[in-house]
Every structure is written in structure tokens, then in C-alpha cells.
Amino acid sequence: MKDYAAELTSAQLAAVTQVDGPLIVLAGPGSGKTRVVTYRIAYLLDQGISPRQILSLTFTNKAAEEMQRRVQELTGLDSIWMGTFHRFCAQLLRRYAGLVGLRENFSIYDVADAQRVLDAVLKARQLAGTHITLGQLSQAISRVKNRLQAADGFQPRPGDPVEAIVGKVLPHYQQQLLAHNAVDFDDLLLHVVALLRENESVRDQLDQQYRYVLVDEYQDTNLAQYTIARALSMRFQNLAVTGDPDQSIYGWRGAHPDNIRDFERDFPGTRVVRLEQNYRSTPNIVKIADQLIANNVRRKPKSLFTERAPGDPVRLVRYLDQRAEAEGIAETIASGIAQHGRRPRDFAIIYRINALSRVLEFALQQRGIPYQLVNSLEFYQRKEIKDVLAYLRLLNNPRDDVALQRVFGAMTRGIGDKTWGRLAAQAFETRLGMVECLVIHGVPATIHKSAATALRAFSATYHDLQKLVHLPVAELIRQVLLQTGYWQELQQSNFSDDRDRCANLEELITAAQQFDQNFSESSGLEEFLQRAALTSDTDAWGGTNDRVSLMTLHATKGLEFPCVFAPAIEHGILPHERSDHDLNELEEERRLLFVGITRAMDWLQLSYVRRREFRGRAGMAVPSSFLLELPREEMHFVDLAGTTNAAPGTLDGEWDDETIWLDAEVHEDEYVDALDPDLTPTDLGESPPGARTSGLIMTARELSRGPEAPPTSSGEPAIDPDYFQPKMIVRHPEYGLGRVLTIHGSGRRRTATIHFFTLGRQHTFYLAHSQLRPLG
DNA sequence: ATTCGCAAAGTTTTT
DNA sequence: CTTTGCGAAT
């Protein structure tokens, strides 16, 4: 048995050795949370508890893998069930499909698949043509589902147009999914909730089977997930959750904000253990993280501390543009590897939105630095991959009409809307899936000759392939590619990107081969499809490599790296423009940066640029207001933007608010000239029709508004910056009337973001300098 | 029914 | 800059 006391602090030990009863571990970043969880599992095993009785639920696949790895390192065991809620639920549903109206071979629809169903429902219900997009609708449905508002009992909030449509559509949408023997992501949870609620014996049986349930990243679970965890812990209340409210970054996905309070309510006598000491990062990093997060109002104060030796200051770098930024980062990494004994895997570049990865990738490629994109949507989103997977899904689940639609659209010739409609009509009458119907009843008489031939050909191929579903998945994929002619078509194509497609398909086959080796059981195809649906990245299947990691801030959760770069800390990107109208969302953005900063162990660089390209257009970037909230002593400012009044690097180390914040405006005319030489003075006054600003970037034209109206505040008395408050209506001599959205900072540093009504856009001002006046 | 071409629109984060 | 959508021509 391990000497637990010797390897853990007293707080950690308390969390590890509490075997029975409900437990909450509130763990700050880097406080050894994963260590606590893995040691706790080891301890449970030492107490004679069987690995089969332990269930460890995580939020992402990545976190699950990491946990699995570390548990194996510690105990040598890999037989403990670890994975995401969604994967756990998918497996349960395979077993109990009949109890919720599914068959065990159900398909899992991704967002795009689900939207197709939604689209069909809208059209059938004559509800198409509202200004509400499919995306909004499916998001709203997702919210409703995650809040456990029952499908038929859902009451739309009065006056909410989106919810009104959700109310009309939801029952039919659900019915269609069931008819296709399919579930969307949220249904995986929802069906399990229903299963556990309606079948006490099943619930009790599972409760007994999984006597020890661990939930990681508890702050990001939604109501459905919490309900599941609780249902498995009624008789045996050995539910241990770990989390950190300051790292809650999935509110937009229905994470239940008060779940920690709920937990204590539902499980009286819960033991709460707090872990506040950080073992991961240097004091500088901890300090700026701590000070940043202190700006969140809706938060229980908590302070992080560390006893690590002081390290390098955190770097804040201003680059000229995104290319310079990417190259600068690549350069720094290269020299870190060449001169400071770093490995590529020591570095991570983390950003707010996936779109930012492109330049960075390019710069790394140029220098031959190996990198990996984590969770980029790429692989399983690619057309050719989705096409083949659709065919596989169709073989596995003949009711999957959405898959058939995709197959007809991409892998067969000669079948169009008309034929589709006629086939659908017959399928509807016979209450079968469309392929089922085709196989059983043959081609409907209403279908024209050429289309009928195409259908018969498809039908014959499908029939042949159906006999092969028990082959190893890799072999099955090969057969699908060959027999449908898809492979041949791509091979003979003259388009160069079809070459890439073939390569991607080969990669899929390789992944399938790996899968076949690891899972030689008979239900191979189903399991393979499930994995394909529930993992978003390829390297989840492969090993860990010595590469620089590129990922979004969301994807970094639970990870740590010696050296971290966080580029594009700019207004509109972080905080994201769609988040800064709402305090809750803004605070979530701040937590996101907090999570990002605290991934760094030894070395951290934040950066922003003066000029960022967006939709092909260059525009001025505005530094994020979060930068103003960071302490200065722990940081080192480096200006590489090459401004006219300061040679590159001369501002090293010294910076104040003007340096990072106002400078972009001071030099704006110079940039107008640089960006748009054809701009004539008459252009300057009005914005061209249709020119919208996202708030992300100011265009040259918008910037040019500035110098036309030099500050006229000479005669007017200054207004106390503290006078301005959110929601206040204000007037600006240049922009007109607007409403204060958010306020940041205090004193001289206090800034306000104003939404201007007539402009339909927003600007951020430094209140001590601004020409803003309260109305009246 | 398919394909090609151009125009418009839209870009958060994940299971 | 991409991707998606729509309309016309084959």
C-alpha cells in the first residue's frame, strides 16, 4: 500500500481518504486536483473496492484520456470506466435502448445532421421562412433539453420568438429523431435521465454497480448531467465531485451555475475540501491570474498562492500584425528549443477562436516546428469523411434517413429531389426507414426510369455491403469505397483537392485499423461510429507526440504546459464580441482567460496586435480590456509593433495604460494612410453603405472619424469617470446617443463600452479622456 | 438531375 | 478569406 500521507498535503489527503459519503473538492488551478482524483482511485482500490464499481465521469475526451493514463501509471490498472458523460450515456443506451423507444443500433447525430432533421420539420410544418436561423433554433432546443424541460410539456417563455418556435417544433423534431432511430447529443443525456427516472429497478441496479462515482469539472456540468450523477448515487451516496467555479467556461452550453449549492442541498452532510495552493505555476503567473479573476463580481472571493520559486516575468507583447505575431511566437519557440533545451511538447499556443490557428500553423510550418491541432473540427467535418461515415451509419441503422440523404447527395448519381420525395412518401406510408422500404418493397412505381435504374443499382450495392458489416471496420470502409465507386471517382478526378480527399480517407482507414486492433469484439461497427460521433479530433486515437500544441482556450481545460503563448488578447476576440453585452457572459470570458493563464507552469506570454486582418480586410485591433486589469510588477511589456515614435523594443519593460490602450488611436491617421491609400477626404465622413463593424476590428474608415473631431473638451468641466454606470444613456459629440454596456477598471483606468444607437455599433472609451456626456 | 458559376453571407467556445 | 446558397444552363 502506498504511503498516502507522505505524498499528499493534508487537504489532499482528506479528499483522497474519504471513502464513503458525498464529497466536494473545490480545487483551484494547479492545486493537484488530478492528483487527488487519481490517488483517490488508487486508495479506493487499496480498500478492496473493485475497479468495476468505480465510475469516473469527465467533461472532455482529452481529460478522460489524461486521467486514464495517470491512473494506469499509479495503479497499473486500465479497467476503470472513464469517459465523458456522453460516452457513458451512449453505452447505457445501447443496453437499454428498448426502454426509451430506441433500438440498440441507433445513430448519433451531430449538429449538422440534427439541423437537417430540424429543417425538414420546419418545412413540413410550414414554419420555414422565419428570420430565425437553424443555428439559433438548434441552440435553443439544446438549452431546453439541457435544462430538462420535457419535450411535450415545454412552455415557451412568453414574448420570446425563438422559444415560441421551439415549442411548435420540438415534439415533431423528437418524433422524427425516434423515427430515424437516432439521437442528438443532448438526447444521449436526456434519454438516460428518462431511463433512470422511469425505471427504478434499472436505476437501483446501476446505483449498486457504480458504487463510487467521481465527476470531474463539476462546475461545467449541466442539469441533465447532474441529475444522472445524482441518480446513480442515491442508495450509495459516494459521489465525489471536483471543480472550480472560477473555471466555469461552458455556461453557454447549459452548465448549471449553481450546481455546487444544489449538491450541498441534495446531499446533506457533504464534506467540502478546498485546495488553494498552486503547485503548477510560478508566483508571477499565479499573481496575475489571481488579480484578473478578482475582477469578477459574481464570485466568492478565494485566493491562490504558491510556494514555487520566482520565475520569469510574464511577457506582454504588442506585435504589428497577426503575421508578425505568429512569426514572433514561432521564432521564440524555435529558440527555446535550440538554445534553452525545451522540447516542442513543452509549448502550447492557445487562442479564443479556431479561426486564429491558420497563421500560427503557417508560421510553425515555415520553421519546420512540429505541431498538432487539438480538437480542430477538421477531420470529422470533412466532406469525404462524413460521406463515408454516413454510408456506414446507414449500414448499421437502415432507418437513418439523414445518412441516406447524404449518401444520395454524394455517393450516388442520378437521384434528385423528385425521386427522394417519392421514396419518402412510400416510406412514410409503410412507416419504415427509406432504405428499409427500398429493400423490402423495391422501387416505387411512381419513379421514372433513369432514376429507378440508379435506385436499383444503389439497392444492390447496399444489399451486398450489408453482408459485410461484420468485417473489421477498416476492411468494411475499403469495400464501401470500392463498391460505391466513390474511391474511383476521387482517384480519377482532375481536381487537386480530391487528391487530399483520398489521403484523408486513407487516414480514416488507418484510424479504423487501429480501432480494429484495440476492439476486436463483434459490435465493432457500432462502437466505431459512436467514437467517430463523440470525438472531435484524430489524435484522441493516436499516441502523444513531441509537438507544439495549438488549441482553443476551451480545449485547454485540465491541461498544463511549461510554456504558453496566448495571442490575440484583443477586444472583440477576448472578450468575444458576442459576449460583452452581458455581465455574466463577460465574466465567463474573463474566466476563460483565467483558465488560459493558469495553464502555464514556467513561462507565459500574452500578446496582441495593432492591426488584424479580418474577412480579408485589415483593421485596427483594440487591446482587450482584460489587459488593463492585470498587475504591472509581474509583467514585462515588449513593443514590437514598430511605431513611428518608438523603435521596436524601446518600450521594453515600461508600460502604462496609454501604451497599450490609447496608442492605437493616437496613431490612427498614419494607419488610415497605410491601409487605404485611395481614401479621399470626402470618404472620411460617412461610412459606406453596408459597412458594419463587428466591434472586433475598426476599419480604416471608422478610425478616420477620429481626427476629424479633435477633442473639444477645453471649455467643458471634466466629468468624474465614476459617474458613468452601465445602462446609462450618454451622448458623444461624434457618435451621437448610446447606452453604456459595460464598465471596466477604476479611476484613471476606468473604461466604458458604449453601444451607439444610430451607428448600430459600439466603441470603448477611456472615461478620463473621453468626450462622453451624460444625457441631459 | 447535375453541374457550374457567381453572389452573398458569416464566422465562439464542445459533446 | 472561406463557405454556403441560389439560379441558370446543360
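Below, all heavy atoms of this structure are taken into account, side chains as well, without hydrogens, waters or symmetry copies. All chains are named by letter (A, B, ...) in the order of the sequence lines, taking the proteins before the strands, and each is independently numbered beginning at 1.
The six-membered or imidazole ring of A:W252 lies away from that of A:H576, with a centre-to-centre distance of 6.0 Å or more.
Between B:dT14, B:dA1, B:dT15, one nucleotide has an atom nearer to the side chain of A:T84 than all others, and that is B:dT15. Between B:dT13, B:dA1, B:dT15, one nucleotide has an atom nearer to the side chain of A:T419 than all others, and that is B:dA1.
For the pair A:L559 CG and B:dT14 P, the interatomic distance rounds to 12 Å; values are reported in whole Å. Spacing between atom CG of A:L586 and atom P of B:dT13 amounts to 18 Å, rounded to whole angstrom units. Note: CZ (A:R612) to C1' (C:dC1) measures 15 Å, nearest angstrom. Distance CZ (A:F362) to P (C:dT2): 12 Å, rounded to an integer number of Å. Protein atom CG of A:L188 is 13 Å distant from nucleotide atom P of B:dT15, rounded to whole Å. A:F88 has its CZ atom 18 Å from the P atom of B:dT15, to the nearest Å. In this structure, A:Q139 atom CD and B:dT14 atom P are separated by 13 Å, rounded to whole Å. Taking atom CG of A:L134 as the reference point, atom P of C:dG5 lies 9 Å away to the nearest angstrom.
The ring of A:F85 does not lie on top of the base of B:dT15; it is either too far (5.5 Å or more) or too tilted (30° or more).
Both A:I415 and A:H554 sit near DNA chain B, but only A:I415 has its closest nucleotide nearer the 5' end. Comparing A:D186 and A:R578 by the nucleotide of DNA chain B whose heavy atom lies nearest to each, the residue mapping closer to the 5' end is A:R578.
A:L189 comes within 4.0 angstrom of nothing in the nucleic acid, heavy atoms only.
More than 12 heavy atoms of other residues, nucleotides or ligands sit less than 6.0 Å from atom CD of A:Q366. Within a 6.0 Å sphere centred on NZ of A:K418, other residues, nucleotides and ligands contribute 12 heavy atoms or fewer.
For A:F59, the ring pair (Phe, Tyr, Trp, His ring centres under 6.0 Å) partners two or more places apart in sequence, or in a different chain, are A:Y250. For the side-chain contact (heavy atoms from CB on, under 4.5 Å) test, no residue two or more places apart in sequence or in another chain qualifies with A:S450.
The side chain of A:N354 contributes an N or O atom lying less than 4.0 Å from OP1 or OP2 of B:dT14. Within the structure, every side-chain polar atom (N or O) of A:S450 is placed at least 4.0 Å from both OP1 and OP2 of B:dA1.
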